[in-house]
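Below, all heavy atoms of this structure are taken into account, side chains as well, without hydrogens, waters or symmetry copies. Values in this document were obtained by computation on a predicted structure and should not be read as measured data.
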Amino acid sequence: MNSRERYEAAKEQYGRIGVDTEAVIERLKNIPVSLHCWQGDDVKGFDQDGPLTGGIQTTGNYPGKARTPQELMDDMEKAMSLMPGKKKLNLHASYAIFEPGEAVDRDRLEPKHFAKWVEFAKKHDMGIDFNPTFFSHEKVKDGLTLSSPDEETRAFWIEHGKACIRISEYFAKETGVPCVMNIWTGDGYKDIPADRMGPRLRYKDSIEQILSQPYDKKLVKPCVESKVFGIGVESYTVGSAEFTLSFAATHDGVLPLMDNGHYHPTEVVSDKIPALLCFFPEIALHVTRPVRWDSDHVVLFDDETKEIAKEIVRNDALERVYIALDYFDASINRISAWAVGFRSLQKALLSALCTPSAMLKALQDENRLTELMVMQEELKLYPLGDVWEEYCRRCGVAADQSWFDEVKKYEKEVLALR
């Protein structure tokens with residue numbers, strides 16, 4: 001059988017368990033996934049030349065990383081051409097693009113410093129998500145920003161956050177798509193602190209001051225992201241899971257953002273998604289792949305990625321969950337890293353959409369648990385690959401590994417010359 005015949009056979013097989021693959025393909029085409037710009041240049045950005053600091057690090061030195069805004073945009077375009085599905089652009093504030101002689105510090109950033117990114121997003125029919133950059137800067141004092149006891153330091157970073165609120169609203173107005181603005185800091189201590197509450201009270205006040213900047217809540221979706229530990233802050237992080245979740249729960253319009261690398265190794269975000277959906281109208285995700293710790297490996301079509309997608313889909317929450325990718329691997333070809341991660345998440349969403357959730361829920365509610373186990377195991381060998389191939393064909397991209405030929409060609413003709 002050729003691929004079209006295999007798809008028709010798969011369509012019939014899924015149809016027997018109540019799954020309409022035609023509807024699945026059309027639905028998947030319109031689920032936006034936010035693609036992070038920082039995979040392309042190892043989180044360097046364009047506003048500083050120093051090393052990464054603040055609880056994060058990138059490992060590897062594969063040749064050909066983007067060095068300029070244009071190179072980064074070119075690389076993103078190449079990567080996006082290899083991905084099926086709807087994209088959104090995710091930026092950090094450190095990716096501001098300045099004209100000669102107009103550079104400003106982070107507390108004075110303006111929408112005009114991101115105008116070229118708006119042009120890029122409009123060209124590709126994408127919305128834009130945004131992140132204030134509270135790391136890799138000389139005004140990070142003693143490893144602290146929004147929680148610093150030094151009021152001058154704290155004031156600088158509060159003004160940075162307010163500037164980012166204004167820029168986020170600009171993005172939303174220009175693209176017509178709400179902007180998810182995520183607040184995360186690497187604030188914390190390497191060893192056991194004497195005061196755990198004080199930094200958190202300052203952090204709480206700082207975020208509240210940032211959110212005092214007027215904005216349209218329909219256009220800007222502020223989030224707070226937690227982290228269990230980071231490089232140099234192994235013993236204590238100010239923005240813990242309990243802190244950020246409580247903050248979001250007690251401040252109208254603020255979303256909790258969960259990064260599945262920011263918890264203890266035995267915790268899984270897939271289990272947390274339905275818990276939060278019981279209380280929050282909307283939540284946000286950064287999907288990554290932790291290996292023993294928050295290592296930000298490229299997302300794969302693995303068990304937890306599939307479970308994350310299942311929980312979003314089976315709880316009818318595709319309109320309530322903002323999905324973004326967040327990883328940065330400098331040890332491999334960066335175009336390939338983007339493409340593998342995005343395609344893997346698309347496969348996970350496809351798998352979830354092809355799961356007869358209503359049937360499985362009914363088996364659970366009726367205590368037919370033996371039958372539930374049987375059905376869940378049978379589904380693992382259903383012909384998902386044939387549906388994936390048809391989906392990719394309709395999106396105009398390669399379904400198999402042949403897309404990597406384009407990456408090798410681009411590396412030879414573009415990346416190797418940098």
Side-chain angles (χ1 to χ4, degrees), residues 34-58 65-66 68-69 72 89-98 103-114 116-118 128-148 153-171 179-188 203 206-207 209-211 213 220 222-227 230-233 237-239 244 257 259 262 284 286 288 294 296 324-328:
S34 203
L35 187 65
H36 54 311
C37 72
W38 50 92
Q39 165 59 48
D41 74 334
D42 308 342
V43 206
K44 288 292 291 180
F46 305 127
D47 72 345
Q48 59 91 32
D49 294 321
L52 278 178
T53 60
I56 61 173
Q57 73 177 41
T58 303
K65 75 175 179 181
T68 66
L72 185 56
L89 174 63
N90 205 0
L91 296 174
H92 250 285
S94 55
Y95 288 82
I97 300 175
F98 302 116
V104 298
D105 213 338
R106 290 182 188 172
D107 63 333
R108 294 291 180 263
L109 288 172
E110 298 179 46
K112 67 179 182 179
H113 301 131
F114 296 86
K116 290 182 180 178
W117 284 114
V118 169
I128 304 177
D129 291 333
F130 200 45
N131 306 262
T133 307
F134 297 106
F135 55 83
S136 296
H137 191 279
E138 62 182 8
K139 287 189 171 65
V140 177
K141 185 175 182 181
D142 302 324
L144 303 176
T145 58
L146 292 177
S147 68
S148 175
T153 296
R154 202 161 70 94
F156 173 86
W157 291 109
I158 289 169
E159 287 305 311
H160 173 57
K162 288 182 176 181
C164 290
I165 290 276
R166 295 190 290 269
I167 294 164
S168 296
E169 189 165 63
Y170 159 70
F171 287 153
C179 176
V180 176
M181 196 200 89
N182 180 45
I183 295 173
W184 172 83
T185 76
D187 289 24
Y203 190 27
S206 294
I207 302 174
Q209 288 193 53
I210 289 171
L211 297 177
Q213 168 67 39
V220 180
C223 305
V224 283
E225 178 183 5
S226 69
K227 192 165 186 177
I231 299 299
V233 289
T237 54
V238 180
T244 56
L257 186 146
D259 180 310
H262 286 192
H286 277 184
T288 185
D294 178 33
D296 286 299
L325 295 170
D326 184 6
Y327 53 82
F328 32 96

(request) Just jot down the side chain to side chain contact (heavy atoms under 4.5 Å, CB included) partners of Ser206, sequence neighbours excluded, or say none. (result) Leu146, Arg154, Ile158
(message) Run the side chain to side chain contact (heavy atoms under 4.5 Å, CB included) test on Val220 and Gln213 for me, step by step, so that the C-alpha distance in whole Å, both residues' side-chain angles and the decisive distance to 0.1 Å come before the verdict.
(response) CA-CA 11 Å; Val220 180; Gln213 168 67 39; over 6 Å; no
Can you tell me how far the [atom1] atom of [X] sits from the [atom2] atom of [Y], to the nearest 0.5 Å?
X: Gln209; Y: Lys162; atom1: CD; atom2: NZ; answer: 6.0 Å
X: Leu91; Y: His36; atom1: CG; atom2: NE2; answer: 12.0 Å
X: Ser136; Y: Gln48; atom1: OG; atom2: CD; answer: 5.0 Å
X: Asn131; Y: Asp326; atom1: CG; atom2: CG; answer: 8.0 Å
X: Gln57; Y: Ile231; atom1: CD; atom2: CD1; answer: 4.5 Å
X: Ile183; Y: Ile165; atom1: CD1; atom2: CD1; answer: 6.0 Å

(request) Kindly write out the residues that satisfy side-chain hydrogen bond (donor to acceptor under 3.5 Å, both in side chains) with Asp41, not counting sequence neighbours, or none if the list is empty. (result) Tyr95
(message) My understanding is that only residues two or more places apart in sequence, or in another chain, count here; which of them pass side-chain hydrogen bond (donor to acceptor under 3.5 Å, both in side chains) with Glu169?
(response) none
Check: [Y] and [X] side chains under 4.5 Å, non-hydrogen atoms:
X: Glu225; Y: Thr244; value: no
X: Arg108; Y: His113; value: no
X: Thr185; Y: Ser147; value: no
X: Tyr170; Y: Lys112; value: no
X: Met181; Y: Cys164; value: yes

Is there a donor in the side chain of [X] and an acceptor in the side chain of [Y], or the other way round, less than 3.5 Å apart?
X: Thr58; Y: Asp42; value: no
X: Asp294; Y: His262; value: yes
X: Thr288; Y: Asp296; value: yes
X: Trp38; Y: Asn90; value: no

(request) Report the C-alpha separation of Trp157 and Leu144 in whole Å, then their side-chain angles, then the decisive distance to 0.1 Å, and conclude whether the side chain to side chain contact (heavy atoms under 4.5 Å, CB included) test is met. (result) CA-CA 10 Å; Trp157 291 109; Leu144 303 176; over 6 Å; no
(message) What verdict does the side chain to side chain contact (heavy atoms under 4.5 Å, CB included) test give for Leu72 and Trp117, after you've listed the backbone C-alpha separation in whole Å, the side-chain angles of each residue and the deciding distance to 0.1 Å?
(response) CA-CA 11 Å; Leu72 185 56; Trp117 284 114; 3.8 Å; yes
Minimum-distance pair of heavy atoms, taken over all atoms of [X] and [Y]:
X: Phe134; Y: His160; value: CE2-CD2, 3.9 Å
X: Gly230; Y: Thr237; value: N-CG2, 4.3 Å
X: Val233; Y: Gly188; value: CG1-C, 3.2 Å
X: Pro111; Y: Ile167; value: N-CG1, 3.8 Å

(request) For Lys139, look at atom NZ and say whether over 12 heavy atoms of other residues, nucleotides or ligands are found less than 6.0 Å away. (result) yes
(message) Using the ring centroid of each side chain, check whether Phe135 and His92 are separated by less than 6.0 Å.
(response) yes
(message) Is it the case that the ring center of Trp184 lies less than 6.0 angstrom away from the ring center of His286?
(response) no
(message) Using the rule given for side-chain hydrogen bond (donor to acceptor under 3.5 Å, both in side chains), can you reason through His137 versus Asp47, listing the C-alpha separation, both sets of side-chain angles and the distance that settles it, and then say yes or no?
(response) CA-CA 9 Å; His137 191 279; Asp47 72 345; 5.8 Å; no
(request) Look at the aromatic rings of Phe114 and Phe171 and report parallel, tilted or perpendicular, splitting at 30° and 60°. (result) perpendicular
(request) Please determine which of Thr133, Thr153, Asp187 meets the side chain to side chain donor-acceptor pair (under 3.5 Å) test together with Thr145. (result) Asp187
